[in-house]
Number of protein chains: 2
Amino acid sequence: MLSKEDIFKKYLASKNLKFTTERQVILDRVFADHKHFEADELLVDLRLNDLKVSKATIYRTLALLVQSGLLREVIYGERHAHYEHVYGHEHHDHLVCNNCDKIIEFTEHRIEKLQEEVCKKYKFKAESHRLQIQGLCENCSKKNNCAVK
Amino acid sequence: MLSKEDIFKKYLASKNLKFTTERQVILDRVFADHKHFEADELLVDLRLNDLKVSKATIYRTLALLVQSGLLREVIYGERHAHYEHVYGHEHHDHLVCNNCDKIIEFTEHRIEKLQEEVCKKYKFKAESHRLQIQGLCENCSKKNNCAVK
DNA sequence: TGTTTTTTTAAAGTTATTTTTAAATATAAT
DNA sequence: ATTATATTTAAAAATAACTTTAAAAAAACA
């Protein structure tokens, strides 16, 4: 299997783009930790680690990482992009707590099977999907049993 | 069963708000057609029908309609709110065509059942969910077999 | 009717995210 | 080396989706 670097380099090459130091730095940092993140969080994270890459480059590189298939963009009802790893990570969906914003990932193959059935029924050719369940996580629903937030 | 108007009037009364002409106009227009829509589309639609309601009133009234339970907000990966009818409409999910933006609604109770299982497993108290499958609709996938868009 | 409260309007303001710009730098090709 | 192409940067600008404002209009109340 190709490494992240190889995939990214290959993608860049196919578009006649270069694998620059900045792109390397961003790639490394993005995959250093397995979490959902936002462009601005990445920026702060790079600053904290004394890695200087300008904001514009971060935005441009994230777009390239998405295009190369290494990242995907997920939106949680907010007005800015959230990213997560595609590389090295099984497809999953999300439970999102409305109270504490905690995100629980889950995988349920039977749901995916049923989605395939639905697509077949409508002759729809699925490329991606996104299932998000909003509600209260265990902790928050305990709290909210007694008193409103 | 209460009509849309009755539900809205009741909600407004409970908040000491008035059922004004503008609110009536917006309610009517929103339910005149069974489609997903965005605040801005509604604005254009009202203009085209020579119904003059200011932008601020549209935004405020949509918020009231959501609060009253007549509408819900759905987001399709864009950065702004999308609305759909709750009143008179069974819960459903969406197939969204990446090519022509067509939206197909579907209902699959077995998926909902499995979602309940998942929630139980994580002791998560679901309040709402949203499943969206992106891809190509029948028409567009035919077209795209031969040539790239 | 006169007074108070609520609502509407158009326009300006806000906010946060993302994109563009123009100059400086780096890389690749000839 | 010279030329062309691509990239980065910081700052400014753009974008988009609302929201606020202050004045005017409408409705409810006394």
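Naming: A, B, ... by sequence-line order, numbering from 1 per chain.
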Check your understanding: Looking only at heavy atoms, which two atoms of B:His82 and B:His80 are closest? And how far apart?
Key -> CD2-O, 3.3 Å
Point to revise | Heavy-atom pair with the smallest gap, counting every atom of A:Glu41 and A:Phe37 | key: OE1-CA, 3.2 Å
How long is the line joining [atom1] of [X] and [atom2] of [N], in whole Å?
X       : N      : atom1 : atom2 : value
B:Leu12 : C:dT6  : CG    : P     : 14 Å
B:Asn16 : D:dA28 : CG    : P     : 12 Å
B:Lys15 : C:dT7  : NZ    : P     : 13 Å
A:Gln24 : C:dA26 : CD    : C1'   : 16 Å
A:Phe19 : D:dA6  : CZ    : P     : 19 Å
A:Glu41 : C:dA16 : CD    : P     : 15 Å
A:Arg23 : C:dA26 : CZ    : P     : 15 Å
B:Tyr83 : D:dC18 : OH    : P     : 6 Å

Review point. Between atom SG of B:Cys97 and atom CD of B:Glu138, what is the distance when rounded to the nearest 0.5 Å?
Key: 11.5 Å
Review point. Parallel, tilted or perpendicular: which fits the ring planes of B:Phe106 and A:Tyr122, with parallel below 30° and perpendicular above 60°?
Key: tilted
Review point. Where does the angle between the aromatic ring planes of A:Tyr87 and A:Phe31 fall among parallel (under 30°), tilted (30 to 60°) and perpendicular (over 60°)?
Key: perpendicular
Review point. Should B:Glu117 and A:Arg110 be marked as a salt bridge (Lys or Arg N to Asp or Glu O under 4.0 Å) after you check the CA-CA gap, both sets of side-chain angles, and the distance that decides it?
Key: CA-CA 11 Å; B:Glu117 271 187 39; A:Arg110 288 173 295 168; 2.8 Å; yes
Review point. According to a strict under-4.0 Å criterion, is A:Thr20 in side-chain N/O contact with OP1 or OP2 of D:dT8?
Key: yes
Protein-nucleic acid N or O pairs under 3.5 Å, nucleotides 9-17 of chain D:
residue, atom, partner, partner atom, Å
D:dT9, OP1, A:Lys52, O, 3.2
D:dT9, OP2, A:Ser54, N, 2.9
D:dT9, OP2, A:Ser54, OG, 3.2
D:dT9, OP2, A:Thr57, OG1, 2.9
D:dA17, OP1, B:His80, ND1, 2.4

